[in-house]
Amino acid sequence: MLARRCLSRHLHSSSNHIVSRQNNGHFAPDSNLSLLCLNGRLSDALLAMAFLGPEVCFHGYDSLITQCIGLGALREGQRVHAHIIKTLYHPNVYLETRLLIMYVKCGSLRDARMMLDGMPQRSIVSWTAMISGYSQSGLHSEGLDLFLQMLKTGMKPNEYTFATALTSCTGPFGLENGIQIHSLALKSNFDTHIFVGSSLLDMYAKSGKIHEARRIFDMLPERDVVSCTAIISGYAQLGLDDEALDLFRKLFNDGMECNYVTFASLLTALSGLAALNYGRQVHGLVVRREVPFYVVLQNSLIDMYSKCGNVAYSRRIFDSMPERTTISWNAMLVGYSKHGLGHEVVKLFKSMNVVKPDGVTYMAVLTGCSHGGLVDEGLDIFESMLDEKSVKPDIEHYGCVVDLLGRAGRIEKAFNFILDMPFEPTSAIWGSLLSACRLHANVHIGEFVFQKLLDLEPENAGSYVILSNLYANAGRWEDVLKVRQLMKEKTVTKEPGRSWIDLEKTVHTFHSGDRTHPQKEVINAKVMELFVKIKEAGYVPDLSCVLHDVDDEQKERILLGHSEKLAIAFGMMHTSYNGTIRIVKNLRICVDCHNFAKFVSKVCERELSLRDKNRFHLVVGGSCSCGDYW
DNA sequence: GTAGGGTTAG
């Protein structure tokens, strides 16, 4: 009230009489201004500023800037700055830095940089604030350049500067720069500072150097929620889901503090493991602890439920969200897409109106159409993407179109599409066409595509297997032998296949031809039992799936040792009669295991949910939700 | 006055 009364007196006065009278009293001429700011009345404070003219001093400006920062009010901040210039007030380094910070926080890096460049003297705070501005806007190289420039002036970085600069160490030269900053931090004795240390370990984890990240984490003299979350999410982001979960369990038992970021990172690891039971427990814990359901956490829950096979529950969470980001929509679309629910994907995509789709959205929609068999809808959406130009399609989007055309049997069209693309085709794109050639028995184009793949990645076993399948289906056994010979020459290596099943609270993992599992004999006997049963129903092992140069009997044995079959058998032994058996495979499922699962589902009347590297296969009554195209 | 961890896709 006092402030308002004073202001109105100022505003109604035509002279500086009142101002000077106040000046002779207890208050500085601009103290009312600070009061107005304290009361959150920025527009009144700005009026007072205009009225006071050159009478505004340090505290008045400082209060105004604080208020502008709090409200993110750029235009108002600019007015304050303009007033300083107009009234020929000489701000000190502190006030200039505050203006710089105001520009950074209000999102105008250009103004902030002009401020910094115009400063006759710069403090470590001004440098750090500017570097932080760049790093938070993702302008990492600008941030690092400025950091270097700062070092050249002889200015010594403090713990704030190190923590900030390290976040800019990402991308191609991230590790190189990060290591140099690390050695500087060591020299300055900042490497075990909790903020610098978390930033350091995060930098190493994001560069794939998880052991170095862990070493730094273990060296920290104290731990807090951020450093613990950084190391857990480091493991999760590299796909080291077991390690992420193990470390979380350990730290949690030691009493670590958790917040919504910790749980979001943990859920990423659980999504990777498809550990539905554990995921449910975490969800329950989050509810019991009343952790606020920020969008990020809900997005993680959507993802976890869908990747654990329960896409309907994902939708429940999605529907309950008071606010959604593009990532929420993307997570939901990806969920439907991986389950082959093409119609749901298109329906949901068309209902997106508040938030804008991005590249990931289109990837999810196009793969959803492809997996769901909605070829024409997918092609239309790609066309609309080209027309609207709001999102520029990249090579992965073109890859989806190749997949769509290939699935529909339009092999030649897909081939020409690849040749006309504005990108150099990758092995993934040729690989997609090769699969289509196998499905539609197009040996001619298949052979050509295989040659391309041989040039690009001769060591990839997948292409040899598909070509071998293609020849086998065409009855060209001599060519099958040739492919096998070629493979021997090229010394093919591949990521070992493994499958796992989450029962109760344990994840049981199986490797191909597993000889170490404690229950291996019982499991093998179960596989054999299933094999005999389904053979009677017409199952024929697809020997072209075996890469080794051995006799047919041996091939059959190898096929029966595939990790998917071991996991299926184990699941049959340990789940109730009616329940769905949920298996996860780290690679794409092989044709023979897919067929095996279909026969098992029919003969044993069990529902199987198989998650492979790309999608879910819901196998019921002898057929699969993928329509045999994957 | 300046600082560290997070969700979808690949």
Side-chain angles (χ1 to χ4, degrees), chain A residues 62 65-66 69 92-102 104-105 112 122-133 135-136 157-168 190 193-203 205-206 213 216-217 220 223-234 236-237 239 257-268 271 294-304 306-307 314 318 324-335 337-338 357-367 394-397 399-400 426 428 613-614:
Chain A
D62 196 28
I65 294 166
T66 303
I69 291 173
N92 58 10
V93 185
Y94 171 88
L95 210 57
E96 283 187 313
T97 307
R98 294 279 289 146
L99 280 168
L100 189 158
I101 294 166
M102 179 275 293
V104 167
K105 304 263 180 192
R122 297 170 190 177
S123 64
I124 186 62
V125 179
S126 53
W127 284 104
T128 308
M130 192 68 233
I131 297 167
S132 160
S135 92
Q136 283 178 12
N158 66 12
E159 66 272 38
Y160 289 78
T161 329
F162 279 122
T164 305
L166 284 163
T167 61
S168 280
F190 275 131
H193 181 277
I194 182 84
F195 278 55
V196 180
S198 327
S199 204
L200 256 179
L201 80 86
D202 188 59
M203 181 275 294
K206 288 203 169 79
I216 291 165
F217 178 75
L220 288 178
R223 291 168 179 174
D224 65 3
V225 60
V226 176
S227 52
C228 290
T229 305
I231 188 71
I232 291 168
S233 93
Q237 284 170 1
E257 198 193 324
C258 299
N259 63 16
Y260 78 103
V261 183
T262 324
F263 289 117
S265 304
L266 175 63
L267 286 166
T268 304
S271 294
Y294 295 120
V295 181
V296 170
L297 180 54
Q298 288 171 313
N299 293 346
S300 289
L301 284 167
I302 291 176
D303 181 59
M304 183 277 291
S306 89
K307 294 220 177 106
S314 297
F318 179 84
R324 302 183 191 105
T325 59
T326 301
I327 295 180
S328 324
W329 289 84
N330 292 350
M332 196 62 238
L333 288 165
V334 167
S337 165
K338 294 229 182 229
D358 62 11
V360 178
T361 317
Y362 279 102
M363 274 304 292
V365 177
L366 293 172
T367 49
D394 63 31
I395 190 153
E396 275 85 19
H397 298 105
C400 288
T426 57
K613 203 178 173 193
N614 292 332

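Computed from a predicted model, the values in this text were never measured in an experiment. Residue numbers begin at 1 in each chain, while the letters A, B, ... track the order of the sequences.
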Across all chains, not counting sequence neighbours, the salt bridge (Lys or Arg N to Asp or Glu O under 4.0 Å) partners of K206(A) are D202(A)
If one requires at least 3 consecutive Watson-Crick or G-U pairs with distances under 3.5 Å, the stems of DNA chain B turn out to be none
When rounded to whole Å, the CE to P distance for the pair M102(A) and dG1(B) reads 17 Å
Give one of base, sugar-phosphate or nothing for N158(A), where a contact means two heavy atoms less than 4.0 Å apart.
base
Residues passing the side chain to side chain contact (heavy atoms under 4.5 Å, CB included) test with S168(A), sequence neighbours excluded, are S135(A), H140(A), L144(A)
Those residues at least two apart in sequence (or on a different chain) that pass side-chain hydrogen bond (donor to acceptor under 3.5 Å, both in side chains) with S306(A) are none
S337(A)-T367(A) side chain donor-acceptor pair, cut-off 3.5 Å: yes
In whole angstroms, the gap separating P of dG4(B) from CG of L166(A) amounts to 11 Å
Exercise. Contact class for Q136(A) (heavy atom, under 4.0 Å): base, sugar-phosphate, or nothing?
Worked result: sugar-phosphate
When we call it a touch if two heavy atoms are under 4.0 Å apart, what does V365(A) touch: a base, just sugar-phosphate, or nothing?
nothing
With a 4.0 Å cut-off on heavy atoms, is I232(A) in touch with a base, just the backbone sugar-phosphate, or nothing at all? nothing
Sequence neighbours excluded, the answer for ring pair (Phe, Tyr, Trp, His ring centres under 6.0 Å) partners of Y160(A) is none
By side chain to side chain contact (heavy atoms under 4.5 Å, CB included), S300(A) pairs with (sequence neighbours left out) A264(A), L267(A)
Under a 4.0 Å heavy-atom criterion, the protein footprint on nucleotides 5-10 of chain B, written with B, S and -, is BBBBB-
With sequence neighbours left out, the residues meeting side-chain hydrogen bond (donor to acceptor under 3.5 Å, both in side chains) with T97(A) are none
Residue set satisfying side chain to side chain contact (heavy atoms under 4.5 Å, CB included) with S227(A), at least two apart, ordered chain then number -> I194(A), S198(A), F217(A), L220(A), R223(A), D224(A)
